[in-house]
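Worksheet: the structure to be examined is printed underneath.
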Amino acid sequence: MTEARPALPEDELFRAEIVAWLDAHLCGDYEAVRHRGGPGDEEADPVLRRRWEQELARGGWTCVGWPKAEGGRGLSIAQQVIFHEEYARAGGPGRMGHIGETLLGPSLIAWGTPEQKARFLPGIRAGTEFWCQGYSEPNAGSDLANVQTRCWQEADGSWRVQGQKIWTSLAHESDWIFVVARCVPGSKGSKGLAFLLLPLRQPGISIRPIRQMAGGNEFNEVFFDGAVAEAGHIVGAPGEGWKIAMGLLEFERGLSTLGQQMHFLHEFELVLDAMRRSGRTHDAQLRQRVAQAWCGLRAMRYNALRVLADRADAGLRREALIYKHYWSNWHRELGKLAMDVLGPEADVVSDDPLIRRLQQLFFFSRADTIYAGTNEIQLNLIAERGLGLPREPRPAAA
Amino acid sequence: MTEARPALPEDELFRAEIVAWLDAHLCGDYEAVRHRGGPGDEEADPVLRRRWEQELARGGWTCVGWPKAEGGRGLSIAQQVIFHEEYARAGGPGRMGHIGETLLGPSLIAWGTPEQKARFLPGIRAGTEFWCQGYSEPNAGSDLANVQTRCWQEADGSWRVQGQKIWTSLAHESDWIFVVARCVPGSKGSKGLAFLLLPLRQPGISIRPIRQMAGGNEFNEVFFDGAVAEAGHIVGAPGEGWKIAMGLLEFERGLSTLGQQMHFLHEFELVLDAMRRSGRTHDAQLRQRVAQAWCGLRAMRYNALRVLADRADAGLRREALIYKHYWSNWHRELGKLAMDVLGPEADVVSDDPLIRRLQQLFFFSRADTIYAGTNEIQLNLIAERGLGLPREPRPAAA
Amino acid sequence: MHASEDQILIRDAAESFLGDVSSSAAVRAAMARPEGHDPEVWARIRSELGWCGLAIPEALGGLGLGAPELVLLLEQAGRHLLCAPFVSTVCLAANLLQQVADESAQARLLPLIADGRLQATAAMPATPDWASSAASLRAMRTASGWQLDGEIARIPDAGTAGLLLVLARVDGAAQPALFALDPSTHGLQLEALPTWDATRRFHRATFTAVALTTDARIDAPARSADGLKRAAALAQLYLAAEALGCAQQCLDLTVAYVATRQQFGRPVGSFQAVKHRCAEMMIRIESARSGVVGAAQLAATAADTTSLAMDCAMARVLTLDTQFYCAQEAIQLHGGVGFTWEYDPQLYFKRAQAGSHWFGTADALRAEISEALLS
Amino acid sequence: MHASEDQILIRDAAESFLGDVSSSAAVRAAMARPEGHDPEVWARIRSELGWCGLAIPEALGGLGLGAPELVLLLEQAGRHLLCAPFVSTVCLAANLLQQVADESAQARLLPLIADGRLQATAAMPATPDWASSAASLRAMRTASGWQLDGEIARIPDAGTAGLLLVLARVDGAAQPALFALDPSTHGLQLEALPTWDATRRFHRATFTAVALTTDARIDAPARSADGLKRAAALAQLYLAAEALGCAQQCLDLTVAYVATRQQFGRPVGSFQAVKHRCAEMMIRIESARSGVVGAAQLAATAADTTSLAMDCAMARVLTLDTQFYCAQEAIQLHGGVGFTWEYDPQLYFKRAQAGSHWFGTADALRAEISEALLS
């Protein structure tokens, strides 16, 4: 389908370069992980996908948006978009390194010490050290700032962490975790927090996988029992943890969305395939839903282009504000549509790759509207930040 | 369609009686008001419909549920159901007298003095005195107890009323109004209110019709500027107004719902007629919606039967609690379906009785989800009373 | 439409029994068993409780009650996700026997079901009646009786049933024929289907030159056309009642969770948006319940088949939509734990998806209803 | 997809002009006029502002801009319910001329439209393209030219237009022919339709032996098939932009109302359920806006007709659903005053219903999209 974006000649050269590289490298053994990985499929062959990360790194295709001075490729926004699009179009595996590359790396570049950068950026870039994220806690849920995990500094300057994090994806496949913990006893909410970097393989940390409804174990609980972070492995000052953590969430937005859309387009096409295979192409209700899904897909794509075009503008734009709610609900609906298109076949645990893939989509997309800000939190944010409606009044003391 | 209710022989005799009476009397001049009147159509020929009320009264068909001792017919619940069903099935005109008969009358029977009963019940029964209701106020909206209309007692014992009521239907066609007003200066909410009866045609009362979106004026604002109620025309003691007012709303529930359903069935059949006429019977989406509307109609009917069967039980039952929300949203959807079934014809103000009727349904049903407790108030009530969820916390003083 | 004292007793007894034997832990244990249910619980249901005979006439050894009582039981079975061949035996097999079989077959088989000695089953079609299922199985007359060839896509609890009822098309006949056979009959192959919803087990059946004697055919031809419609309508109604129970439990689980789960210093259930969504679930559930109860009352009268079929389709449409909606909302309002294996919403969610095409999707049923309204 | 400075200027100027001349009071005054608009406002739009020439090439006297700029104007027109023959002249007539007419007709007519001397119109079909409208009007060759017989169900602003463009079927031809005629031509009868939405006026046109000269037929046959598709797609896009503006205004009116209206001692807009519903409106509006802006950008490229048609249908589907939803919610969240004549939500509500079948319903457009996806 034609695209509504003027392309510069150098961008088209760049596009040709990444397409050619992927064509030459995403083959052989790696065929097995094409279109695999990513949310809902993180357990797909992690060993091979780690190798793929190193392959990418050798080609210079990790950390493409980082400044050249920090070892990145220093691509423009337009070229990053092209990279993500073509990567997804080619079925590039879900990026095992994406938390390090898109979350921690940019934070270290912004707030890290020279020593921290020197220690951690190369491992991220090379695909040899993998990161996971320790924010959510069991009693906090959507109330992210309600952090109960404590930390304190020992005489030798090192930090100790005590507490529990939850919904940590890829914890069992990662080497390091970054954690927000309360360093000022008795402080509340977003005050008094520290942002610490800890190796996962240490006696003070244990990991318990959380079994999901379809049987996978993509998320984990991570328990900290006097776990140790080196003295130099605090980002920002003690008490600045919230600022770092929230700034890091900002990095999450926008850039990889066009890749996400290509991935969604691929899934949508699988649903069309399934519909043709199941012989339900003449069902008028299913046809309406397929068309509606396609409309949503186009709207998301154009919405993402709006977000990227407006990146220079200050503040959180309306189109950016709605995006999480929109894509997650769209994706959840796509999962349901996939099942209804399959009909009774959908209920049988299948070895057929197409059917199994759609079943995974159906079950895992139930989490889409919950993690990274539930629907309800998104609606609050939109109403308050996007429409200026009053915040929920604080209840009077009982 | 067959009905799921065991019928006693005397009930069937009764059914034959009302059917025969309607057959003999709802004809001639009255043909013009068959299926007319009721919410959304209250302006249909009020003169003829008043005459019809007196016709009904002569046949002994007003106030059929009142005790015989109070001049009613003393019908059992089952026979009242039959009355309402057959009345609606025959297309009996919307009852001009329903506020007197179903709201004020039962309240007077429960809480009125012997003098009040003697003064007011006969006029209601005979169809010679018509009532309207003065509860809502412009600054209260859903917060019914936020009454600002004041009243005070004069030296001669009479009451004076100052303030404004709104959304009073049929005010311009009525003789009397009952009003809740604040008799204790400085009191708040449901405390300190009085329940007063006032003649509408008096210098202290003026009525301003509210123009609705489709041009009708079914609702009114009623202004009270030192309006007078006789000393004996307070129901209950000063300060008991809320109790009387709420008790009276209880009477509104349940009994006439089966008549309402017959009316809805009639409207649904009009939509089917319109669909056949417009040649859209093969539209798969419209067919789905028609079927869904029919399912809702059946569910409402059975729900009303559940409500009636459970009347003896204490408290507000779950099926009664959901009814207002369900029927009003169902009805609003039916209005939209009617328009979509008509297609472009729906947009032209029509003289065709079928089309005009459906257009009225479409526009007026927008009010269904707002008056008598908005959707939002209904959902609060259901969550709190039906599910025991916590009440909205009071905001802390700013 | 008032529940009688007997009906309240039946419902309360079911609720208490199932709360005991079909707790979340018990359901998970049953799901892990090869047969998909706990044989002891099933034995108690059949013998001690006599549920299988509830809607079978007294003359045939049953309790002589009907749809209004059965839907109360089934709602509780759905609420507790009872893993047992109860639906297959009672709602499919006994129902088919009562509506379609001839008197001698009824007299032979229904008492065995009523007193719990016989577990039976029949196809669970993916269309509003058994016609499509009958289309894939062909019966041919042979010298010694009948030969069956073809397949049946889904039969619940076929692995443990003692009797299988199948409908098969007969060349030249307008109505399919009903056969009763032993699932171990030669030429009949059962393949267990590994389903996401493990609370109800299905097999695919392949018939290769299955030879049956003449008396294996048990339909009463004079009643067959109407009887098949009634049996399908009743099956829809019974599944509707089960779905209603599932939806109710999703709401109950959710209300219990949000009432205690604290966020931002207050129970999640005190946030208005959460309250409204719970209220929305309750509205759908109660209206669907009215539909189920009403259709069941109608089934207890001498209602004509068309009216009955429409009301049962109505009950099924409303409960299907409500069941999925409530399961979806239960997951969402449970937040992070909602999509975990450990919490129960996922069990109801899987059941909702699996059940969405038993006896036709809601869309297909609406298409049938509109046909009846507009033709 | 970034708005250029020019585009921002155009939008802001439109917003400020329309906020002035198309206030609620002005709209109500225009609705009460027999022609349905204020001729002075319309004259200013044509001469002073030059909006009619915005998307007409510079060579033909226009500004040479295109769909991306036009949708910004139209969004503001929808937001303020501009009562003027702007849509009929620009989005229907000029659009048809640009896509379908031959060069000489373009050279003759487009400059007149561009500089505001000519108000023109064409049929507003109830299907996704003009095919159905063309089907009801038949053109026959005569010795002196053409004869037209039949009817056109709805033509906007026909009562004041100086030029009427009609599509008519010609026996034996695959494509309809495009004719340009004066609405006062003999044999053409216009009947004003009293519509509930009084912000846009329609006439029904009856053609009885309407005689036209040969040069009244102005289509360029070689471009006609593709041109008609592009013109219909663009008309859908323009109506989508207008609908988007209506939806946005419903949200804005609602947010302003709930932020000040007090109930239970606090602004209604502080109740979470109300907030969430406003947020839901915003989500739909912003995503629909992305669809409109994206489709308009695509229209500005050399995109193939099929891609353009699909994207324009997408924009229309999303805005149609959003427009009705937001109008419905605006009424509901205004409470009692929401359904009164005095408050504005009703105006947007009537427009939403009226517009729901212009160039096809959302259902019909989805059916077309699914056909393209699955064929």
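Heavy-atom basis, side chains included; hydrogens, waters and symmetry copies ignored. A note on names: the letters A, B, ... follow the listed sequences, proteins ahead of strands, and every chain is numbered from 1.
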Taking [options] one by one, which has the highest count of heavy-atom pairs under 4.5 Å against chain B?
options                                : value
C/Ala299, C/Ala288, C/Cys278           : C/Cys278
C/Ala296, C/Ser270, C/Ser287, C/Ala313 : C/Ser287
C/Val317, C/Leu373, C/Asp321           : C/Leu373
C/Ile369, C/Val258, C/Ile283, C/Val274 : C/Ile283

Contact origin within [X] toward chain C - heavy atom pairs under 4.5 Å:
X        : answer
B/Glu269 : neither
B/Met275 : side chain
B/Arg287 : both

task: Among the options B/Gly386, B/Gly388, B/Ala291, pick out the one with the most heavy-atom pairs lying under 4.5 Å from chain C.
output: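 If we count pairs closer than 4.5 Å to chain C, B/Ala291 comes out on top.
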
- request: Heavy-atom pairs under 4.5 Å with chain C are the metric here; pick the option from B/Glu384, B/Gln288, B/Gln292 that has the most.
  value: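 Counting heavy-atom pairs under 4.5 Å, the top option is B/Gln288.
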
Measure [X] against the heavy atoms of chain B and call it side chain, backbone, both or neither at under 4.5 Å.
X        : result
C/Ala315 : neither
C/Arg277 : neither
C/Glu280 : both
C/Leu365 : neither

task: Specify the closest pair of heavy atoms between C/Gln323 and C/Ala243, including all atoms of both residues, with the distance to one decimal.
output: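 Heavy-atom minimum between the residues: OE1-CB, 3.4 Å.
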
task: Give the minimum heavy-atom separation between B/Tyr326 and B/Ala299, together with the two atoms involved.
output: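 The answer is OH-CB, 4.1 Å.
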
Rounded to the nearest 0.5 Å, how far does [atom2] of [Y] lie from [atom1] of [X]?
X        : Y        : atom1 : atom2 : answer
C/Cys246 : C/Leu239 : SG    : CG    : 10.5 Å
C/Glu15  : C/Glu75  : CD    : CD    : 9.0 Å
B/Thr369 : B/Ile377 : OG1   : CD1   : 13.0 Å

field: Sidechain N-carboxylate O distance under 4.0 Å for C/Glu69, C/Arg11
entry: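 No, no charged N to carboxylate O under 4.0 Å.
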
message: Looking at C/Lys229, I want to see if its NZ is surrounded by more than 12 non-hydrogen atoms of other residues, nucleotides or ligands under 6.0 Å.
response: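 Open: at most 12 neighbouring heavy atoms sit under 6.0 Å from NZ of C/Lys229.
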
- request: Kindly confirm or rule out a cation-pi arrangement of C/Arg316 over C/Phe359, judged by NZ or CZ under 6.0 Å from the six-membered ring centre and within 45° of its axis?
  value: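 No.
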
- prompt: C/Tyr343 vs C/His334 aromatic rings, parallel, tilted or perpendicular, using cut-offs 30° and 60°?
  reply: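 Taking C/His334 first and then C/Tyr343, their aromatic rings stand perpendicular (interplane angle over 60°).
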
